[in-house]
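Ligands are counted one by one from 1 in listed order, and the atoms in each one are counted from 1 as well. Atoms considered below: every heavy atom in the structure, side chains included; atoms not considered: hydrogens, waters and symmetry mates. Start at 1 with the first residue, then count along the sequence.
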Amino acid sequence: MAAKVIDGKEFAASVRAQVAEQVSKLKDEHNIIPGLAVVLVGEDAASQVYVRNKHASTIEVGMNSYEHRLSADTTESDLLKLINDLNNDPKVNGILCQLPLPKHLDEELVINSIIPEKDVDGFHISNVGMLSTGQKSMVPCTPLGCLMMLRDHHGSLSGLNAVVVGRSNIVGKPMANLLLRDSCTVTIAHSRTKNIEAVCRTADIVIAAVGRPEMITGDWIADGATVIDVGINRIPHPDKEGKFKLVGDVDFASASAKAGAITPVPGGVGPMTIACLLANTLTACCRSNNLAEPEGLTA
Ligand code: GUN
């Protein structure tokens, strides 16, 4: 039977609508408007697009957006000074420093200079530690989006076998921690994993986050498994010379013939990342004002 295609665009729109509703309530009942500050250093083309989209989405849900565009030769001390100001600004509930940073800036140092309460990326070492010890933290946006889609599809994830392919700090490791917290049996597979196809075939849930176009094919997937494809890879278009197309880490055609449910690329996990950034900003705002957290929008 053909797999159910999980529509990330529709799901993300519903998350944004829930955020917008909560933002409107915060305004009406408490006169609070959540604020997200995005810092972009340099001219990286992809980062400019991301930042523009984040700004537009932030405004759309009724939050305040503060954009800080700094030149590529900004010194580390100037950047740290700006982050310190944002840490101390009560109008700012979330701070995101767009990565990658120019080479002369120390990414770890910069990320860890954001106070954990405002770290809406969930990259600060304290948030990483709290997530891995099961404490309340800010959770990285892409894995949070994957978790929301999995909970929506399965209800409870308890006891399911999950294989996360990829061990990055941004997706693979936090994803594994979130699945463990929802009582999955979790395996992290990577480029050195022996017989990785057979490992994936044991999974009720496969999360593909390796950054290798169409690596995971249908013969890696157990009948009826749920496949979440985090990859976004630009490859030469097979039919149109000089053109490109986006594909995931999963070969959609063969995997969707085996899976029970699968996310497409584009239109799967991608749109969830910004929706979860907005959800995290709302959560940070509620926590800092000692208000109840928005239901269904946290891990
Ligand atoms: N660059 C690409 N994706 C991201 C992200 O999710 N957060 C930040 N801070 N930078 C990025």
Nearest neighbour in protein (non-hydrogen) for [atom]:
atom	result
atom 10 (N) of ligand 1	L99 N, 3.0 Å
atom 5 (C) of ligand 1	D121 OD1, 3.9 Å
atom 4 (C) of ligand 1	Q98 NE2, 4.1 Å

**OP:** Examine distances only and state if a side-chain atom of N127 and a backbone atom of M138 form a donor-acceptor pair shorter than 3.5 Å.
**Re:** yes
Original post:
Going by the order shown, which atoms of ligand 1 are within less than 4.0 Å of some heavy atom of L96?
Top reply: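 Near L96, meaning under 4.0 Å from one of its heavy atoms, ligand 1 has 9 (N).
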Original post:
Regarding Q135 and S137, is there a side-chain donor-to-acceptor distance under 3.5 Å anywhere?
Top reply: no
Original post:
If you draw a 6.0 Å radius around NZ in K25, do more than 12 non-hydrogen atoms from other residues or ligands fall strictly inside?
Top reply: no
Original post:
At under 4.0 Å between heavy atoms, which part of C141 makes contact with ligand 1: side chain, backbone, both or neither?
Top reply: neither
Subject >> Working for salt bridge (charged side-chain N to carboxylate O under 4.0 Å, His left out), residues E117 and R287 >> reply: CA-CA 8 Å; E117 295 81 358; R287 286 180 184 166; over 6 Å; no
Original post:
So, do L82 and H68 sit near enough that their side-chain heavy atoms are less than 4.5 Å apart?
Top reply: yes
Subject >> Check: C97 N/O within less than 3.5 Å of ligand 1 N/O >> reply: yes
